[in-house]
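One structure below.
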Amino acid sequence: MRTATVTRNTNETQITVSLNLDGSGRAKFDTGIPFLEHMLDQIARHGLIDLDIHCKGDLHIDDHHSVEDIGITLGQALKQALGDKTGIRRYGMSYVPLDEALSRVVLDLSGRPGLTYNIEFTRAMIGRFDVDLFSEFFHGLVNHSMMTLHIDNLRGINAHHQAETVFKAFGRALRMAVEHDPRMAGKMPSTKGTLTA
């Protein structure tokens with residue numbers, strides 16, 4: 001079982017993330033940030049990853065610390081669950097539409113963190129959620145999972161649709177990348193012989 005549980009405690013947040021890469025898309029969240037939970041649910045359901053995230057953060061200040069630190073802790077759990085990455089597909093990609101919105105996500109479980117993030121949201125807030133925090137979430141996730149990630153929202157008018165297509169596409173791209181490739185059984189998908197650095 002490719003599973004992990006990671007706890008991260010700071011003066012700003014106390015977080016526990018549990019995941020199962022070979023799950024069925026079950027999700028349970030307790031973060032105090034409803035719209036983020038809606039987006040995390042897209043990762044779980046479209047990635048077929050079981051995901052359990054609990055966060056107690058300083059929401060009386062704002063959502064920033066919680067959103068960023070959830071990204072960090074999820075990245076750490078993903079890295080731990082993947083182990084040495086033997087036999088995985090490594091690369092994943094997905095286009096996802098939702099009405100007028102369309103997003104593309106391409107990722108490489110390369111061992112080299114890097115984020116290219118191109119989303120021009122049509123408004124700054126979705127309900128009470130600041131859309132700038134999505135960038136902080138993905139930076140934290142990328143830096144601690146050690147993946148290369150390209151996110152492009154190609155079009156969209158409704159900011160909710162823009163965000164949802166990104167998270168659905170990320171879940172589907174991640175699902176593809178972490179899958180075992182039967183033709184790569186026992187092999188490392190890298191000419192270097194490692195994907196850990």
Side-chain angles (χ1 to χ4, degrees), residues 1-9 13-57 59 63-83 88-89 92-99 101 103 105 107 109 115 119 126-131 133-147 149 151 153 158-180:
M1 295 290 287
R2 296 183 299 167
T3 62
T5 297
V6 174
T7 297
R8 184 175 192 272
N9 292 317
T13 59
Q14 296 82 51
I15 300 173
T16 299
V17 171
S18 296
L19 63 79
N20 176 3
L21 294 178
D22 302 305
S24 60
R26 291 192 306 263
K28 183 179 179 183
F29 306 114
D30 181 14
T31 69
I33 310 173
F35 193 74
L36 178 65
E37 293 179 4
H38 179 46
M39 295 300 101
L40 293 169
D41 192 47
Q42 306 310 314
I43 296 175
R45 291 179 185 273
H46 289 269
L48 291 180
I49 295 168
D50 293 343
L51 195 54
D52 190 339
I53 300 177
H54 295 265
C55 175
K56 183 177 181 183
L59 300 181
D63 294 347
H64 185 284
H65 298 142
S66 293
V67 174
E68 181 179 25
D69 289 2
I70 288 169
I72 289 170
T73 313
L74 178 57
Q76 291 170 336
L78 179 59
K79 183 175 186 291
Q80 182 177 317
L82 279 168
I88 65 168
R89 295 191 186 278
M93 61 210 74
S94 181
Y95 285 80
V96 169
L98 175 56
D99 297 342
S103 292
V105 172
L107 63 86
L109 299 174
L115 176 64
I119 308 174
I126 302 174
R128 67 174 190 87
F129 188 88
D130 180 353
V131 298
L133 298 182
F134 287 133
S135 174
E136 302 303 322
F137 170 83
F138 282 112
H139 270 106
L141 188 151
V142 160
N143 288 335
H144 292 270
S145 65
M146 304 292 284
M147 77 168 64
L149 177 62
I151 297 174
N153 173 240
N158 182 304
H160 187 138
H161 292 175
Q162 289 176 287
E164 193 162 331
T165 57
V166 165
F167 277 81
K168 285 178 176 177
F170 176 75
R172 289 185 169 269
L174 184 62
R175 174 181 169 185
M176 180 187 296
V178 304
E179 281 181 343
H180 283 114

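All values below were derived from every heavy atom in this structure, side-chain atoms included, with hydrogens, water molecules and symmetry-related copies excluded.
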Set of residues satisfying side-chain hydrogen bond (donor to acceptor under 3.5 Å, both in side chains) with respect to Thr3, sequence neighbours excluded: none
Enclosure of Phe35 CZ (heavy-atom neighbours >12, cutoff 6.0 Å): yes
With Asp69, the side-chain hydrogen bond (donor to acceptor under 3.5 Å, both in side chains) member among Arg8, Gln14, His64: Arg8
Inter-residue atom distance Met39.CE - Lys168.NZ, 0.5 Å rounding: 8.0 Å
Backbone of Ser24 reached by a side-chain donor or acceptor of Asp50 within 3.5 Å: yes
His46 and Val96, any side-chain heavy atoms less than 4.5 Å apart: no
Any Leu133 side-chain heavy atom under 4.5 Å of Glu68 side chain: no
Side chains of Val166 and Gln42 in contact at under 4.5 Å (non-hydrogen atoms): no
Residues Lys28 and Asp52 bridged, charged N to O under 4.0 Å: no
Any side-chain heavy-atom pair of Ser103 and Asn153 under 4.5 Å: yes
Side chain to side chain contact (heavy atoms under 4.5 Å, CB included) between Met147 and Lys79, worked out: CA-CA 9 Å; Met147 77 168 64; Lys79 183 175 186 291; over 6 Å; no
Salt bridge (Lys or Arg N to Asp or Glu O under 4.0 Å) partners of Glu37, counting only residues at least two apart: none
Which atom of Leu107 lies closest to which atom of Ala177, heavy atoms considered: CD1-CB, 3.4 Å
Any donor-acceptor N/O pair, Asp30 side chain to His54 backbone, under 3.5 Å: no
4.5 Å side-chain heavy-atom contact, Leu74 and Leu51: yes
Thr165 side chain to Gln162 backbone, donor-acceptor under 3.5 Å: yes
For the student: nearest non-hydrogen atoms of Ile88 and Val178, plus distance: CG2-O, 3.6 Å
Spacing of Glu136 atom CD and Ile70 atom CD1 [to the nearest 0.5 Å]: 13.5 Å
Separation between NZ of Lys56 and OG1 of Thr16, rounded to the nearest 0.5 Å: 12.5 Å
Ala27 to Asp41 - nearest heavy-atom pair and separation: CB-OD1, 3.5 Å
Atom of Ala81, atom of Leu19 and distance for their closest heavy-atom approach: CB-CD1, 3.6 Å
Beyond-backbone contact of Ile119 with Phe138, side-chain heavy atoms, under 4.5 angstrom: no
Listed partners of Phe134 passing ring-ring contact (aromatic ring centres under 6.0 Å, His included), at least two apart: Phe121, Phe129, Phe167
Shortest non-hydrogen contact from Asp63 toward Ile33: OD2-CG2, 3.8 Å
Flag side-chain contact, heavy atom, 4.5 Å: Phe29 against Leu36: no
Residue pair Arg128 / Gly32: nearest heavy atoms and the distance that separates them: NH2-O, 2.9 Å
Straight-line distance of Leu82 CG to Ser145 OG, nearest 0.5 Å: 8.5 Å
Minimum side-chain heavy-atom gap Thr31-Ser66 below 4.5 Å: no
